[in-house]
Every structure is written in C-alpha cells, then in structure tokens.
Amino acid sequence: KDYVPYEVNIWNKTGKIIPMPASSGWAASASIQVGDNVYFGEHTKEGVGFYKYNFKTGEASEKPSVTMPSAPYLVKSLY
C-alpha cells in the first residue's frame with residue numbers, strides 16, 4: 001500500500017499528504033468532488049471503498065464513507 005492522497009495548491013506550488021490510510025495503486029486513481037468533499041477510492045487494511053476528505057475543514061475519514069465489494073478504480077458523476 002504505497003499510494004496516499006495529496007492536496008496540491010497549484011498557485012502556491014505546494015502540496016501536502018492528506019491524513020488518510022495508504023492505498024493500493026489501482027484504487028488510488030478513483031476520486032470525485034462533491035461539494036466541499038473529495039472522495040478517494042482506496043483499498044486499505046481499514047476497508048475498501050471511498051474515503052471522504054473535506055478540503056475546507058481538513059477532516060479526513062479513517063474508514064470508508066462508502067464501502068465497495070472490490071477496489072474502486074474509476075468513478076463518474078451522474079448529476
């Protein structure tokens with residue numbers, strides 16, 4: 001489990017690791033923004049699914065907010 005989500009500020013040219021569990025690579029590519037939250041697909045020892053990160057408050061989930069039967073690798077918004 002070598003992949004972790006980052007928050008990147010392209011204007012300031014800075015980045016930081018988001019405090020979430022490390023994930024397998026195939027799951028780490030799935031992410032989607034919904035309002036102030038970003039959901040990252042992760043396959044970790046804590047669970048498989050989408051973990052929530054609120055970029056306004058900096059709060060990050062330690063377990064999946066949405067569980068999946070297998071590692072997510074792609075997500076699309078339907079709204």
Side-chain angles (χ1 to χ4, degrees):
K1 313 275 188 219
D2 298 329
Y3 296 84
V4 293
Y6 282 84
E7 180 178 329
V8 177
N9 184 320
I10 59 173
W11 293 277
N12 294 337
K13 299 180 182 176
T14 59
K16 67 179 182 177
I17 294 174
I18 295 172
M20 298 174 107
S23 178
S24 298
W26 60 83
S29 63
S31 63
I32 189 168
Q33 181 178 341
V34 179
D36 293 342
N37 298 308
V38 178
Y39 292 85
F40 293 95
E42 296 202 19
H43 183 227
T44 75
K45 65 181 181 177
E46 288 80 10
V48 178
F50 288 92
Y51 289 65
K52 181 172 71 171
Y53 173 65
N54 184 299
F55 58 85
K56 296 260 177 145
T57 66
E59 292 182 50
S61 60
E62 296 176 11
K63 295 184 177 183
S65 298
V66 178
T67 57
M68 303 293 291
S70 62
Y73 71 95
L74 177 67
V75 63
K76 290 189 177 194
S77 173
L78 298 177
Y79 72 97

*Listed by chain and number, what are the side-chain contact (heavy atoms from CB on, under 4.5 Å) partners of Ile10, not counting sequence neighbours?*
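Listed in chain order: Val8.
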*Return the set of residues passing side-chain contact (heavy atoms from CB on, under 4.5 Å) with Thr14 (not counting sequence neighbours), or none when no residue passes.*
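By the side-chain contact (heavy atoms from CB on, under 4.5 Å) rule, Thr14 matches Asn9, Asn12.
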*Can you find a heavy atom in the side chain of Pro21 that is under 4.5 Å from one in the side chain of Lys63?*
no
*Would you call Met20 and Ser61 a side-chain contact if the rule is heavy atoms closer than 4.5 Å?*
yes
*Looking only at heavy atoms, what is the nearest atom pair of Gly41 and Pro72, with distance?*
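For Gly41 versus Pro72, the nearest heavy atoms are CA-CG, 3.6 Å.
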*Between Ala71 and His43, which heavy-atom pair has the shortest distance, and what is it?*
CB-CB, 3.9 Å
_Assess the residue pair Val34 and Tyr39 against the criterion (side chain to side chain contact (heavy atoms under 4.5 Å, CB included)); give the C-alpha distance rounded to whole Å, side-chain angles, the decisive distance to 0.1 Å, and a yes or no._
CA-CA 8 Å; Val34 179; Tyr39 292 85; 4.1 Å; yes
N/O donor to acceptor pairs below 3.5 angstrom from side-chain atoms of residues 46-58, sequence neighbours left out:
| unit_1 | atom_1 | unit_2 | atom_2 | d |
| --- | --- | --- | --- | --- |
| Glu46 | OE1 | Thr44 | OG1 | 3.2 |
| Tyr51 | OH | Thr44 | OG1 | 2.6 |
| Tyr51 | OH | Gly47 | N | 3.4 |
| Tyr51 | OH | Gly47 | O | 2.9 |
| Tyr53 | OH | Glu7 | OE1 | 2.3 |
| Asn54 | OD1 | Lys56 | N | 2.9 |
| Asn54 | OD1 | Thr57 | N | 2.8 |
| Asn54 | OD1 | Thr57 | OG1 | 3.3 |
| Asn54 | ND2 | Asn37 | OD1 | 3.2 |
| Thr57 | OG1 | Glu59 | N | 3.2 |

